[in-house]
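Okay, structure first, notes after.
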Amino acid sequence: MPELPEVETIAADLRPQLSGHRIERVESLFPRMVRHPDAELFKAGLRERRIEAISRRGKYLLFHLDSQELFVVHLGMTGQLRVTAPDAPLETHTHLVLRLDDGRQLRYRDVRRFGRLLFGVEEELLRERRLPRLGPEPIDPNFTGDDLYRKLRGRRAPLKALLLDQAVVAGVGNIYADESLYRARIRPDRPAGRLSRKSARRLREALHDSLQLGIANRGSSVDDYRDGFGERGRQQEELLVYGRGGQPCPSCGRPLAVVRLAGRTTVFCRHCQR
DNA sequence: TTAAATTCCTGTAAGC
DNA sequence: TGCTTACAGGAATTTA
């Protein structure tokens with residue numbers, strides 16, 4: 001599913017394909033995917049706007065329009081964005097089609113419909129709580145282990161739960177949470193507030209490394225994630241623990257444990273992670 | 001304020 | 001083969 005590395009890859013792929021192009025028409029829409037404003041205002045807001053830039057914040061894709069407004073996409077679990085020729089067959093579960101000034105189309109497809117689409121001025125979306133306030137970017141060089149330590153201090157929830165909390169750090173999901181905790185050799189069920197400063201620094205490095213590796217490998221296609229060209233990523237082949245419950249730990253060879261934590265399947269090594 | 005549970009949604013796979 | 005059921009999970013919402 002799309003987490004920080006996947007969304008980063010998609011943003012980088014779409015940038016050269018879409019920057020400078022104008023949205024001529026919003027051709028079809030599954031209205032319930034739109035979270036703000038209502039579907040008609042959403043359509044009207046995108047129409048005739050030029051896409052000036054594309055960026056990422058957490059797991060959100062931000063299309064910066066020439067009106068100084070944003071077209072915001074969260075891919076949920078199965079969301080996909082595709083740039084297609086005008087006559088490309090419409091895939092099932094396509095919920096939005098934007099026709100561009102050169103005839104190509106930007107299509108949003110989402111089997112499980114957990115994704116969300118928004119439109120508006122960034123400050124307003126934040127102020128009106130249409131977009132959540134997100135924690136720091138874990139790959140930002142200015143984000144330090146001490147910052148993470150301060151974020152976790154006093155919290156009693158398991159570490160895994162807080163890594164998934166977008167207000168603590170932005171962009172981490174189930175895959176990279178498990179990978180990071182394994183790399184840092186820390187148990188996912190440790191109460192977050194009991195982490196030492198030293199361990200927090202190790203965790204920050206592990207987060208940085210696993211996310212950067214994910215970006216370098218163009219994301220993890222464990223489910224139906226596809227990049228901005230419709231291609232699979234390679235990171236799923238490099239994952240150390242995610243999806244490998246019961247298989248040997250890459251480090252000690254003992255079988256990897258599977259538990260349920262924060263409502264999520266969690267894989268870790270009872271021997272290597274303390 | 002925090003933490004845990006519930007909800008949304010459909011494809012896939014397991015079980016009978 | 002065909003049916004039912006469990007499961008996958010991001011995050012908003014609800015409950016405690």
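Only this structure's heavy atoms are used, side chains among them; waters, hydrogens and symmetry mates stay out. None of the values given here were measured: they were computed from a predicted structure. Every chain is numbered from 1, with letters handed out A, B, ... down the list of sequences.
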> Side-chain N or O of Arg155(A) less than 4.0 angstrom from OP1 or OP2 on dA3(B)?
Replying inline: yes
Looking at [X] and [Y], does any basic side-chain N land under 4.0 Å from a carboxylate oxygen?
| X | Y | result |
| --- | --- | --- |
| Arg56(A) | Glu137(A) | yes |
| Arg218(A) | Glu6(A) | no |
| Asp146(A) | Arg204(A) | no |
| Arg226(A) | Glu231(A) | no |

> If we ignore angles and hydrogens, is there a donor and acceptor under 3.5 Å between the side chains of His95(A) and Asp110(A)?
Replying inline: no
>> Could you check whether Gln273(A) and Arg185(A), counting side-chain N and O atoms only, form a donor-acceptor pair closer than 3.5 Å?
In response: no
Could you tell me the separation between the [atom1] atom of [X] and the [atom2] atom of [N], rounded to a whole number of Å?
| X | N | atom1 | atom2 | answer |
| --- | --- | --- | --- | --- |
| Phe30(A) | dC8(B) | CZ | C1' | 12 Å |
| Asp189(A) | dA4(B) | CG | P | 12 Å |
| Asp110(A) | dG11(B) | CG | P | 11 Å |
| Asp165(A) | dT2(B) | CG | C1' | 10 Å |
| Leu117(A) | dC8(B) | CG | P | 20 Å |
| Lys151(A) | dT2(B) | NZ | C1' | 14 Å |

Using a heavy-atom cut-off of under 4.0 Å over every strand shown, decide if [X] touches base, sugar-phosphate, or nothing.
| X | answer |
| --- | --- |
| Arg129(A) | nothing |
| Thr78(A) | nothing |
| Tyr242(A) | sugar-phosphate |
| Met77(A) | base |

> Of Arg112(A) and Pro132(A), whose nearest nucleotide on DNA chain C comes first from the 5' end?
Replying inline: Arg112(A)
> If you find the nucleotide of DNA chain C closest to Tyr60(A) and the one closest to Arg260(A), which residue's nucleotide is nearer the 5' end?
Replying inline: Arg260(A)
>> Just checking Arg270(A): does its CZ atom have more than 12 heavy atoms from other residues, nucleotides or ligands closer to it than 6.0 angstrom?
In response: no
> So which one's nearest nucleotide on DNA chain B is more toward 5', Arg264(A) or Ala161(A)?
Replying inline: Ala161(A)
> Where each residue is assigned the nucleotide of DNA chain B containing its nearest heavy atom, which of Arg156(A) and Gly263(A) is assigned the position nearer the 5′ end?
Replying inline: Arg156(A)
> Mind checking which nucleotides bracket the chain A contacts on DNA chain C, 5' to 3', with an atom under 4.0 Å from a heavy atom?
Replying inline: dA8(C) to dA12(C)
